[in-house]
**Q** 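Have a look at this one.
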2 protein chains.
Amino acid sequence: MNSDPATRIRALGARVTPARLAVLRLLEGADRALSHHDVEAALSDLDIDRVTLYRVLDWLVESGLAHRVTDAQRVFRFSLAAPNAPQHDQHAHFRCEDCGKVFCLDDVQIAQPALPKGFSAKSVGLSVTGQCAQCDRHTAAK
Amino acid sequence: MNSDPATRIRALGARVTPARLAVLRLLEGADRALSHHDVEAALSDLDIDRVTLYRVLDWLVESGLAHRVTDAQRVFRFSLAAPNAPQHDQHAHFRCEDCGKVFCLDDVQIAQPALPKGFSAKSVGLSVTGQCAQCDRHTAAK
DNA sequence: CACGTTAATGCAATCTTGTTGCATATAATC
DNA sequence: GATTATATGCAACAAGATTGCATTAACGTG
Ligand SMILES: [Mn+2]
Ligand SMILES: [Mn+2]
Ligand SMILES: [Zn+2]
Ligand SMILES: [Zn+2]
(Lines give C-alpha, C1' and ligand atoms only; values in the text may rest on other atoms or scores of the structure.)
(Ligands and ions follow the chains in the order given, each with its own letter.)
Protein backbone atom coordinates (compact mmCIF):
# COMPACT_ATOMS: atom_id res chain seq x y z
CA MET A 1 0.00 0.00 0.00
CA ASN A 2 1.05 3.55 -0.75
CA SER A 3 3.37 2.40 -3.48
CA ASP A 4 4.75 4.57 -6.25
CA PRO A 5 2.37 6.84 -8.17
CA ALA A 6 2.26 4.79 -11.38
CA THR A 7 1.38 1.63 -9.53
CA ARG A 8 -1.32 3.34 -7.54
CA ILE A 9 -2.85 4.77 -10.69
CA ARG A 10 -2.83 1.42 -12.43
CA ALA A 11 -4.31 -0.24 -9.39
CA LEU A 12 -7.40 1.85 -9.97
CA GLY A 13 -7.79 0.59 -13.49
CA ALA A 14 -6.80 3.93 -14.96
CA ARG A 15 -4.16 4.83 -17.49
CA VAL A 16 -0.86 6.21 -16.33
CA THR A 17 -0.52 9.56 -18.04
CA PRO A 18 1.98 12.38 -17.57
CA ALA A 19 -0.71 14.64 -16.16
CA ARG A 20 -1.83 12.14 -13.54
CA LEU A 21 1.72 11.29 -12.57
CA ALA A 22 2.70 14.92 -12.25
CA VAL A 23 -0.32 15.94 -10.20
CA LEU A 24 -0.07 12.92 -7.94
CA ARG A 25 3.60 13.50 -7.29
CA LEU A 26 2.97 17.17 -6.66
CA LEU A 27 0.29 16.45 -4.10
CA GLU A 28 2.48 13.85 -2.45
CA GLY A 29 5.19 16.43 -1.90
CA ALA A 30 2.86 19.21 -0.82
CA ASP A 31 2.59 20.19 2.81
CA ARG A 32 -0.78 21.80 2.24
CA ALA A 33 -3.94 21.66 0.16
CA LEU A 34 -3.36 22.96 -3.35
CA SER A 35 -5.82 24.80 -5.55
CA HIS A 36 -6.17 24.20 -9.26
CA HIS A 37 -4.28 27.44 -9.66
CA ASP A 38 -1.44 26.20 -7.46
CA VAL A 39 -1.19 23.01 -9.47
CA GLU A 40 -1.24 24.85 -12.78
CA ALA A 41 1.56 27.10 -11.63
CA ALA A 42 3.67 24.31 -10.24
CA LEU A 43 3.37 22.24 -13.41
CA SER A 44 3.50 25.10 -15.88
CA ASP A 45 6.57 23.72 -17.63
CA LEU A 46 4.67 20.57 -18.61
CA ASP A 47 2.10 22.52 -20.62
CA ILE A 48 -0.84 20.51 -19.42
CA ASP A 49 -4.20 21.91 -20.40
CA ARG A 50 -6.24 23.68 -17.79
CA VAL A 51 -9.18 21.35 -18.30
CA THR A 52 -7.01 18.27 -18.05
CA LEU A 53 -5.85 19.42 -14.65
CA TYR A 54 -9.43 19.92 -13.55
CA ARG A 55 -10.25 16.43 -14.75
CA VAL A 56 -7.23 14.86 -13.11
CA LEU A 57 -8.11 16.52 -9.83
CA ASP A 58 -11.71 15.39 -10.12
CA TRP A 59 -10.57 11.90 -10.90
CA LEU A 60 -8.29 11.87 -7.87
CA VAL A 61 -11.21 12.76 -5.65
CA GLU A 62 -13.60 10.28 -7.24
CA SER A 63 -11.07 7.51 -6.95
CA GLY A 64 -10.42 8.33 -3.33
CA LEU A 65 -6.77 9.28 -3.70
CA ALA A 66 -7.41 12.90 -2.79
CA HIS A 67 -10.03 14.98 -1.12
CA ARG A 68 -11.48 18.34 -1.88
CA VAL A 69 -11.94 21.31 0.40
CA THR A 70 -13.77 24.54 -0.31
CA ASP A 71 -12.25 27.58 1.26
CA ALA A 72 -13.93 30.85 2.14
CA GLN A 73 -12.89 32.25 -1.25
CA ARG A 74 -14.95 29.64 -3.10
CA VAL A 75 -11.89 27.88 -4.41
CA PHE A 76 -11.45 24.13 -4.36
CA ARG A 77 -8.29 22.84 -2.80
CA PHE A 78 -6.95 19.33 -3.03
CA SER A 79 -4.73 17.23 -0.89
CA LEU A 80 -3.74 13.64 -0.85
CA ALA A 81 -5.98 11.47 1.27
CA ALA A 82 -3.63 10.05 3.83
CA PRO A 83 -4.20 6.29 3.76
CA ASN A 84 -3.71 6.12 7.49
CA ALA A 85 -6.00 9.07 8.18
CA PRO A 86 -9.45 8.39 9.60
CA GLN A 87 -12.54 8.84 7.47
CA HIS A 88 -12.41 11.61 4.96
CA ASP A 89 -15.67 12.84 6.36
CA GLN A 90 -14.00 13.82 9.59
CA HIS A 91 -11.44 16.33 8.57
CA ALA A 92 -10.09 19.56 9.94
CA HIS A 93 -8.44 22.35 7.97
CA PHE A 94 -6.56 25.48 8.81
CA ARG A 95 -6.65 28.55 6.62
CA CYS A 96 -4.04 31.26 7.16
CA GLU A 97 -5.60 34.68 6.85
CA ASP A 98 -2.26 36.21 5.89
CA CYS A 99 -0.95 33.99 3.12
CA GLY A 100 -4.17 32.17 2.24
CA LYS A 101 -2.62 28.75 2.49
CA VAL A 102 -4.78 25.86 3.62
CA PHE A 103 -3.35 23.08 5.72
CA CYS A 104 -4.85 19.74 6.62
CA LEU A 105 -5.00 19.02 10.31
CA ASP A 106 -4.99 15.29 10.03
CA ASP A 107 -4.74 14.44 13.68
CA VAL A 108 -7.44 16.69 15.07
CA GLN A 109 -10.34 14.71 16.45
CA ILE A 110 -13.76 16.24 15.89
CA ALA A 111 -16.53 15.72 18.37
CA GLN A 112 -19.99 14.97 17.01
CA PRO A 113 -22.14 17.98 17.88
CA ALA A 114 -25.65 17.74 19.20
CA LEU A 115 -28.12 18.48 16.40
CA PRO A 116 -31.70 19.78 16.42
CA LYS A 117 -34.45 17.20 16.53
CA GLY A 118 -34.83 15.32 13.26
CA PHE A 119 -31.39 16.20 11.94
CA SER A 120 -28.84 13.48 11.31
CA ALA A 121 -25.15 13.98 10.58
CA LYS A 122 -23.19 12.18 7.92
CA SER A 123 -19.96 14.16 8.00
CA VAL A 124 -18.40 16.75 10.23
CA GLY A 125 -15.70 19.16 9.18
CA LEU A 126 -13.77 21.66 11.20
CA SER A 127 -12.28 24.77 9.62
CA VAL A 128 -9.94 26.93 11.59
CA THR A 129 -8.65 30.30 10.47
CA GLY A 130 -5.77 32.26 11.89
CA GLN A 131 -2.09 32.67 11.27
CA CYS A 132 0.24 29.94 10.11
CA ALA A 133 3.70 29.33 11.50
CA GLN A 134 5.49 30.90 8.57
CA CYS A 135 3.47 34.11 8.64
CA ASP A 136 3.80 34.27 12.40
CA ARG A 137 7.56 34.28 12.00
CA HIS A 138 7.36 37.08 9.45
CA THR A 139 5.33 39.39 11.62
CA ALA A 140 7.38 38.60 14.69
CA ALA A 141 10.67 39.28 12.92
CA LYS A 142 9.70 42.83 12.03
CA MET B 1 -30.21 46.41 21.31
CA ASN B 2 -31.74 44.40 18.48
CA SER B 3 -34.17 47.17 17.70
CA ASP B 4 -36.05 47.59 14.46
CA PRO B 5 -34.16 47.32 11.17
CA ALA B 6 -34.16 51.02 10.34
CA THR B 7 -32.71 51.95 13.69
CA ARG B 8 -30.05 49.30 13.46
CA ILE B 9 -29.02 50.50 10.02
CA ARG B 10 -28.85 54.10 11.14
CA ALA B 11 -26.85 53.12 14.19
CA LEU B 12 -24.11 52.00 11.83
CA GLY B 13 -23.96 55.41 10.19
CA ALA B 14 -25.48 54.06 7.00
CA ARG B 15 -28.48 55.26 5.01
CA VAL B 16 -31.76 53.48 5.38
CA THR B 17 -32.70 52.31 1.91
CA PRO B 18 -35.44 49.99 0.66
CA ALA B 19 -32.90 47.37 -0.34
CA ARG B 20 -31.23 47.30 3.06
CA LEU B 21 -34.52 47.23 4.88
CA ALA B 22 -35.89 44.43 2.75
CA VAL B 23 -32.80 42.24 2.99
CA LEU B 24 -32.45 42.79 6.70
CA ARG B 25 -36.09 41.95 7.33
CA LEU B 26 -35.82 38.89 5.12
CA LEU B 27 -32.80 37.58 6.99
CA GLU B 28 -34.51 38.29 10.29
CA GLY B 29 -37.40 36.06 9.34
CA ALA B 30 -35.30 33.31 7.80
CA ASP B 31 -34.76 30.04 9.59
CA ARG B 32 -31.68 29.29 7.55
CA ALA B 33 -28.78 30.86 5.70
CA LEU B 34 -29.87 32.42 2.41
CA SER B 35 -27.92 32.66 -0.80
CA HIS B 36 -27.90 35.68 -3.05
CA HIS B 37 -30.20 33.69 -5.29
CA ASP B 38 -32.61 33.03 -2.43
CA VAL B 39 -32.70 36.71 -1.57
CA GLU B 40 -33.22 37.73 -5.17
CA ALA B 41 -36.14 35.35 -5.49
CA ALA B 42 -37.74 36.37 -2.22
CA LEU B 43 -37.54 40.07 -3.04
CA SER B 44 -38.28 39.81 -6.75
CA ASP B 45 -41.33 42.03 -6.50
CA LEU B 46 -39.19 44.92 -5.30
CA ASP B 47 -37.11 44.96 -8.49
CA ILE B 48 -33.84 45.51 -6.73
CA ASP B 49 -30.81 45.17 -8.92
CA ARG B 50 -28.74 42.05 -8.62
CA VAL B 51 -25.61 44.04 -7.87
CA THR B 52 -27.33 46.07 -5.20
CA LEU B 53 -28.25 42.86 -3.43
CA TYR B 54 -24.66 41.72 -3.58
CA ARG B 55 -23.57 45.03 -2.14
CA VAL B 56 -26.17 45.01 0.60
CA LEU B 57 -25.14 41.51 1.60
CA ASP B 58 -21.49 42.49 1.61
CA TRP B 59 -22.29 45.52 3.67
CA LEU B 60 -24.22 43.44 6.18
CA VAL B 61 -21.20 41.22 6.64
CA GLU B 62 -18.73 44.08 6.88
CA SER B 63 -20.86 45.86 9.39
CA GLY B 64 -21.24 42.75 11.49
CA LEU B 65 -24.99 42.37 11.14
CA ALA B 66 -24.69 39.18 9.17
CA HIS B 67 -22.17 36.52 8.50
CA ARG B 68 -21.20 34.65 5.39
CA VAL B 69 -20.86 30.92 4.88
CA THR B 70 -19.50 29.10 1.86
CA ASP B 71 -21.09 25.78 1.14
CA ALA B 72 -19.58 22.86 -0.75
CA GLN B 73 -21.19 24.19 -3.93
CA ARG B 74 -19.13 27.37 -3.66
CA VAL B 75 -22.13 29.59 -3.05
CA PHE B 76 -22.15 32.25 -0.39
CA ARG B 77 -24.95 32.10 2.10
CA PHE B 78 -25.89 34.77 4.59
CA SER B 79 -27.60 34.76 7.91
CA LEU B 80 -28.19 37.30 10.57
CA ALA B 81 -25.53 37.38 13.24
CA ALA B 82 -27.55 36.71 16.35
CA PRO B 83 -26.67 39.50 18.79
CA ASN B 84 -27.09 37.08 21.65
CA ALA B 85 -24.95 34.43 19.97
CA PRO B 86 -21.45 33.90 21.31
CA GLN B 87 -18.50 35.10 19.28
CA HIS B 88 -18.93 35.13 15.55
CA ASP B 89 -15.69 33.28 15.41
CA GLN B 90 -17.26 30.13 16.77
CA HIS B 91 -19.94 29.04 14.43
CA ALA B 92 -21.44 25.76 13.30
CA HIS B 93 -23.50 25.08 10.18
CA PHE B 94 -25.51 22.20 8.90
CA ARG B 95 -25.94 21.48 5.22
CA CYS B 96 -28.67 19.08 4.14
CA GLU B 97 -27.45 16.86 1.34
CA ASP B 98 -31.00 16.31 0.10
CA CYS B 99 -32.45 19.81 -0.15
CA GLY B 100 -29.23 21.81 -0.03
CA LYS B 101 -30.45 24.11 2.73
CA VAL B 102 -27.92 25.46 5.17
CA PHE B 103 -28.85 25.99 8.80
CA CYS B 104 -26.99 27.80 11.53
CA LEU B 105 -26.38 25.77 14.63
CA ASP B 106 -26.16 28.64 17.01
CA ASP B 107 -25.95 26.72 20.21
CA VAL B 108 -23.28 24.21 19.32
CA GLN B 109 -20.15 24.73 21.33
CA ILE B 110 -16.91 24.16 19.43
CA ALA B 111 -13.80 23.02 21.20
CA GLN B 112 -10.56 24.74 20.24
CA PRO B 113 -8.44 22.13 18.50
CA ALA B 114 -4.78 21.66 19.15
CA LEU B 115 -2.75 23.25 16.36
CA PRO B 116 0.75 22.60 15.03
CA LYS B 117 3.56 24.62 16.55
CA GLY B 118 3.51 28.26 15.45
CA PHE B 119 -0.10 28.23 14.35
CA SER B 120 -2.63 30.43 16.11
CA ALA B 121 -6.41 30.28 15.72
CA LYS B 122 -8.66 33.25 15.30
CA SER B 123 -11.90 31.51 14.41
CA VAL B 124 -13.21 27.99 14.42
CA GLY B 125 -16.07 26.80 12.27
CA LEU B 126 -17.85 23.51 12.26
CA SER B 127 -19.67 22.31 9.17
CA VAL B 128 -21.93 19.33 9.42
CA THR B 129 -23.61 17.64 6.49
CA GLY B 130 -26.43 15.14 6.58
CA GLN B 131 -30.18 15.17 6.41
CA CYS B 132 -32.40 17.89 7.80
CA ALA B 133 -35.59 17.29 9.73
CA GLN B 134 -37.87 18.12 6.85
CA CYS B 135 -36.14 15.80 4.38
CA ASP B 136 -36.02 13.10 7.01
CA ARG B 137 -39.79 13.25 7.28
CA HIS B 138 -40.13 13.00 3.53
CA THR B 139 -38.05 9.88 3.20
CA ALA B 140 -39.62 8.27 6.25
CA ALA B 141 -43.16 8.87 4.98
CA LYS B 142 -42.54 6.91 1.78
C1' DC C 1 -39.98 72.26 2.81
C1' DA C 2 -36.31 73.18 -0.76
C1' DC C 3 -31.38 72.47 -1.37
C1' DG C 4 -26.79 70.38 -1.59
C1' DT C 5 -23.83 66.75 -0.54
C1' DT C 6 -22.50 62.24 -0.71
C1' DA C 7 -23.74 57.53 -0.12
C1' DA C 8 -26.27 54.14 -2.63
C1' DT C 9 -28.10 52.37 -6.81
C1' DG C 10 -28.62 50.60 -11.73
C1' DC C 11 -26.62 48.86 -15.66
C1' DA C 12 -23.16 46.99 -18.61
C1' DA C 13 -19.00 44.97 -18.75
C1' DT C 14 -15.68 42.05 -16.68
C1' DC C 15 -13.59 38.45 -13.83
C1' DT C 16 -12.99 33.93 -11.64
C1' DT C 17 -13.76 29.33 -11.10
C1' DG C 18 -15.25 25.42 -12.92
C1' DT C 19 -17.86 22.47 -16.66
C1' DT C 20 -19.28 20.43 -21.27
C1' DG C 21 -18.96 18.79 -26.21
C1' DC C 22 -16.40 16.96 -29.51
C1' DA C 23 -12.49 15.94 -32.40
C1' DT C 24 -7.79 14.17 -31.79
C1' DA C 25 -4.01 11.83 -29.51
C1' DT C 26 -2.18 8.17 -26.85
C1' DA C 27 -1.77 4.34 -23.18
C1' DA C 28 -2.53 -0.29 -22.85
C1' DT C 29 -3.49 -4.79 -24.74
C1' DC C 30 -2.66 -7.99 -28.18
C1' DG D 1 3.00 -2.52 -35.12
C1' DA D 2 -2.24 -2.49 -35.34
C1' DT D 3 -6.49 -1.89 -32.43
C1' DT D 4 -9.36 0.29 -29.17
C1' DA D 5 -11.05 2.65 -25.39
C1' DT D 6 -9.43 6.22 -22.43
C1' DA D 7 -7.49 10.64 -21.80
C1' DT D 8 -6.41 15.03 -23.70
C1' DG D 9 -6.78 19.70 -26.00
C1' DC D 10 -9.42 23.32 -27.49
C1' DA D 11 -13.31 26.21 -27.74
C1' DA D 12 -17.47 27.35 -25.91
C1' DC D 13 -20.31 27.74 -21.99
C1' DA D 14 -22.06 28.59 -17.25
C1' DA D 15 -22.74 30.42 -12.61
C1' DG D 16 -21.43 33.35 -9.08
C1' DA D 17 -19.48 37.41 -7.95
C1' DT D 18 -17.05 42.04 -8.81
C1' DT D 19 -15.88 46.63 -10.99
C1' DG D 20 -16.49 51.26 -13.26
C1' DC D 21 -19.17 54.87 -13.92
C1' DA D 22 -23.12 57.72 -14.62
C1' DT D 23 -27.47 58.60 -12.14
C1' DT D 24 -30.51 58.66 -8.16
C1' DA D 25 -32.05 59.48 -3.72
C1' DA D 26 -31.22 59.63 1.60
C1' DC D 27 -30.69 62.91 4.89
C1' DG D 28 -28.53 66.86 7.28
C1' DT D 29 -28.84 71.79 6.91
C1' DG D 30 -31.02 76.03 6.49
MN1 LIG E 1 -7.60 17.83 4.21
MN1 LIG F 1 -24.38 30.86 10.65
ZN1 LIG G 1 0.37 32.05 6.42
ZN1 LIG H 1 -33.19 18.92 3.73
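Chain letters run A, B, ... following the sequence lines, proteins first, then strands; residues in each count from 1. Keep in mind the model is a prediction, meaning the values are calculated, not measured.
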**Q** Do we see a donor-acceptor contact under 3.5 Å between the side chains of A/Q73 and A/R95?
**A** yes
**Q** How would you list all residue pairs meeting salt bridge (Lys or Arg N to Asp or Glu O under 4.0 Å) that involve residues 10-27 of chain A, not counting sequence neighbours?
**A** none
**Q** Suppose we call two aromatic rings close when their centres sit under 6.0 Å apart. Are B/H36 and B/Y54 close by that rule?
**A** yes
**Q** Specify the residues of residues 38-46 of chain A, ordered by number, for which at least one heavy atom lies under 4.0 angstrom from an atom of DNA chain C.
**A** none
**Q** Any ring pair (Phe, Tyr, Trp, His ring centres under 6.0 Å) involving residues 100-127 of chain A? Give me the pairs, sequence neighbours left out, ordered by first then second residue.
**A** A/F103-B/F119, A/F119-B/F94, A/F119-B/F103
**Q** May I have the distance from B/L53 (atom CG) to C/dC11 (atom P), rounded to whole angstrom?
**A** 12 Å
**Q** Of all the heavy-atom pairs spanning B/C132 and B/C96, show the shortest one and how long it is.
**A** N-SG, 3.4 Å
**Q** Using a distance-only test with no angle check, is there a side-chain donor-acceptor pair under 3.5 angstrom linking B/T70 and A/T70?
**A** no
**Q** How would you list, by chain and number, every residue that makes a side chain to side chain contact (heavy atoms under 4.5 Å, CB included) with A/S120, sequence neighbours excluded?
**A** B/Q131
**Q** Measure CG/A/D49 against C1'/D/dA7 and give the value in whole Å, please.
**A** 12 Å
**Q** Students often mix this up, so state it plainly: with edges at 30° and 60°, are the rings of B/F76 and B/F78 parallel, tilted or perpendicular?
**A** perpendicular
**Q** Report, as a single string ordered 5' to 3', how protein heavy atoms within less than 4.0 Å touch nucleotides 15-23 of chain C: B base, S sugar-phosphate only, - not at all.
**A** --BBBBB--
**Q** Among residues two or more places apart or on two chains, list those pairs meeting salt bridge (Lys or Arg N to Asp or Glu O under 4.0 Å) that have a residue in residues 33-43 of chain B.
**A** B/R32-B/D38, B/D38-B/R77
**Q** Under a 4.0 Å heavy-atom cut-off, which of residues 10-20 of chain B touch DNA chain C?
**A** B/A14, B/R15, B/T17, B/A19, B/R20
**Q** With sequence neighbours excluded, tell me which residues meet salt bridge (Lys or Arg N to Asp or Glu O under 4.0 Å) with A/R50.
**A** none
**Q** Would you call B/R8-B/E28 a salt bridge at under 4.0 Å N-O?
**A** yes
**Q** Check B/L21 against B/A6 and note the closest heavy-atom contact, atom names and distance.
**A** CD2-N, 3.7 Å
**Q** Measure from the side-chain N and O atoms of B/D58 to the backbone N and O of B/V61, and report whether any donor-acceptor pair falls under 3.5 Å.
**A** no
**Q** Bend angle of the helix from C/dC1-D/dG30 to C/dC30-D/dG1 from five-pair axes at both ends, rounded to 10°?
**A** 30°
**Q** Write down the distance between CD1 (A/I9) and P (D/dA7), rounded to a whole number of angstrom.
**A** 10 Å
**Q** Would you list the protein and nucleotides 1-3 of chain D atom pairs, both N or O, that sit under 3.5 Å from each other?
**A**
none

**Q** State which residues pass side chain to side chain contact (heavy atoms under 4.5 Å, CB included) with A/A19; sequence neighbours excluded, sorted by chain then number.
**A** A/T17, A/I48, A/T52, A/V56
**Q** Quick one: side chain to side chain contact (heavy atoms under 4.5 Å, CB included) partners of A/D107, sequence neighbours excluded?
**A** none
**Q** What is the separation between atom CH2 on B/W59 and atom C1' on C/dT9, rounded to the nearest whole Å?
**A** 14 Å
